Protein chains: 2
Amino acid sequence: MRGVNETTQVHPPGDGAAEARSRRDTRARIQQVAVELFTEHGYDATSLREIAERLDVTKAALYYHFKSKEDIVASLVEDYFGQIDALIAWAREQPPSDEVRGEILRRYVRIVAEQDRVLRMLHQNQAAVHTMAVAKRRGELFKERMHSLVDLLAGPGATLEERLRATMTIGGASIGWTFYGGQAVDREELGALITSLACDFARLPRPTAPAGPPGS
Amino acid sequence: MRGVNETTQVHPPGDGAAEARSRRDTRARIQQVAVELFTEHGYDATSLREIAERLDVTKAALYYHFKSKEDIVASLVEDYFGQIDALIAWAREQPPSDEVRGEILRRYVRIVAEQDRVLRMLHQNQAAVHTMAVAKRRGELFKERMHSLVDLLAGPGATLEERLRATMTIGGASIGWTFYGGQAVDREELGALITSLACDFARLPRPTAPAGPPGS
DNA sequence: GTCTATATAACGATAGAC
DNA sequence: GTCTATCGTTATATAGAC
């Protein structure tokens with residue numbers, strides 16, 4: 001068994017070599033198919049038999065790559081929340097300012113954009129995921145991190161209205177992407193638009209740099 | 001078997017007579033317990049045995065009141081989406097104006113506030129609910145209605161930015177309520193605050209009447 | 001309207017060969 | 001790394017007594 005996570009991307013790069021991936025990385029293919037089926041039919045309603053059939057292997061083969069059904073989800077959860085936690089950690093060591101708050105929103109939207117398939121799956125199976133061991137280990141996944149982000153965005157002594165504004169901003173950005181991210185619109189443009197609207201909601205000036213170099 | 005729905009409230013009024021409800025309306029108590037367990041552990045992970053045990057009856061008794069496990073959820077779906085569909089139908093026969101758009105948001109928040117337990121349950125089990133027969137019968141539950149509301153809020157020839165603004169407004173309002181609705185804040189105040197912030201996001205003036213008589 | 005008892009089916013997971 | 005075969009468990013749903 002490999003470790004539970006090696007920051008594997010769910011959907012492979014797909015740039016070149018569109019064919020020669022017959023059994024190159026079965027683990028990533030399992031994750032990919034699992035995300036699709038868990039999103040479409042739900043985590044519990046998706047059996048390992050279904051996943052195995054779509055990959056033309058048997059159930060037992062899946063158990064070579066993941067020690068349980070939950071472990072497939074756990075690997076995805078680590079990917080997504082690892083990035084969110086990194087964002088929160090970064091934001092906590094910045095001096096509070098409107099520039100930093102705008103940057104938080106920009107980075108948040110970028111994470112949502114990159115991980116949108118996984119995020120949608122997690123959202124659609126929140127209750128099921130919440131009961132898993134990985135949720136115990138990493139805390140209340142969505143709620144806890146939402147509150148952290150809200151604190152960072154609204155500041156420590158914020159009123160209920162200010163915290164609500166931050167919550168609705170972040171929530172709106174997530175919902176906005178999950179509704180339009182799967183459609184045939186330019187993803188770059190969509191991300192910029194959502195970031196811009198989020199700043200507007202939060203009463204922040206738009207970030208000056210359109211796309212700074214990844215320094216995180 | 002009764003009809004699938006009689007617009008039963010999930011949590012009984014609870015005004016007076018806090019005790020004399022021993023076996024008065026078992027059907028409503030089943031719904032109530034089911035919402036709780038489906039929200040906490042997920043739809044598929046909650047067995048009818050668990051529901052029955054918490055009510056001190058047997059599984060077979062549940063089948064007297066609901067023809068299947070799905071039918072319990074279906075009755076709740078009809079409650080919630082019936083109200084949303086009524087809102088959409090009402091909005092469609094109004095002349096478009098900022099007053100009407102503000103009123104749409106006000107009514108939307110009121111529905112979310114009234115049905116928050118059911119809404120949270122539906123959100124946390126979206127994938128599972130989506131595969132049910134009731135979803136086939138009533139169309140893509142969340143997506144379809146979100147688009148209808150967005151069209152009504154942004155107008156027919158709206159740009160992508162305008163539709164995104166409407167989507168993020170509605171999404172933000174839902175998320176805002178589900179995060180703070182369960183806490184010890186005044187629900188009336190919270191609803192007013194969220195409505196006000198939603199109008200701000202949507203660039204609408206606040207509705208003039210603070211709480212009009214229920215005429216819908 | 002609620003009970004006991006049971007039919008039928010599918011699931012997650014493991015053992016051990018290759 | 002993938003296979004066949006199977007174990008043990010639990011689920012939804014029904015039949016029929018009371």
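No hydrogens, no waters, no symmetry mates; every other heavy atom, side chains included, goes into these values. Proteins get letters first, then strands, A, B, ... in listed order; numbering begins at 1 in each. On a predicted model such as this, the values are computed, not experimentally measured, just so you know.
In this structure, B:Arg49 atom CZ and C:dC3 atom C1' are separated by 18 Å, rounded to whole Å. Rounded to whole angstrom, the span from the CD1 atom of A:Ile72 across to the C1' atom of C:dG12 amounts to 11 Å. Distance OH (A:Tyr63) to P (C:dA17): 21 Å, rounded to an integer number of Å. Whole-Å rounding puts the A:Leu62 CG to D:dT4 P distance at 13 Å. Straight-line distance from the CD1 atom of A:Ile30 to the C1' atom of C:dG12: 15 Å, rounded to whole Å. Here the C1' atom of nucleotide D:dT2 and the NE2 atom of A:His65 are 8 Å apart, to the nearest Å. In this structure, A:Lys69 places its NZ atom 4 Å from P of C:dG12, rounding to the nearest Å. With rounding to whole Å, A:Lys67 atom NZ is found 15 Å from C:dT14 atom C1'.
B:Ala154 approaches B:Ala158 most closely through the heavy-atom pair O-CB, 3.4 Å. Residue A:Ile170 comes nearest to A:Met146 through the heavy atom pair CG2-SD, 3.8 Å, listed as atom of the first residue, atom of the second, then distance.
Of the candidate nucleotides D:dT12, C:dG12, C:dT2, D:dT12 has the atom nearest to the side chain of B:Lys59.
Backbone-only contact: B:Ser47 has heavy atoms under 4.0 Å from sugar-phosphate atoms and none from a base.
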Show your working on side-chain contact (heavy atoms from CB on, under 4.5 Å) between A:Phe201 and A:Arg165 and close with a plain yes or no.
CA-CA 7 Å; A:Phe201 286 7; A:Arg165 180 181 288 277; 5.6 Å; no
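One finds a side-chain N or O of B:Thr58 lying less than 4.0 angstrom from the OP1 or OP2 phosphate oxygen of C:dC3. For A:Tyr64, no side-chain nitrogen or oxygen approaches OP1 or OP2 of D:dT2 to under 4.0 Å. Proximity of A:Thr26 to the phosphate of D:dT2: a side-chain N or O atom is located under 4.0 Å from OP1 or OP2.
In this structure, A:Ala60 and A:Thr46 both approach DNA chain C, and ranking their closest nucleotides by distance from the 5' end singles out A:Thr46.
Note on ring orientation: taking the six-membered ring where Trp is involved, the planes of A:Phe142 and A:Tyr80 are tilted (angle from 30° to 60°).
Applying side-chain contact (heavy atoms from CB on, under 4.5 Å) to A:Val35 and the options A:Leu76, A:Ile72, A:Ile30 leaves one that passes, A:Leu76.
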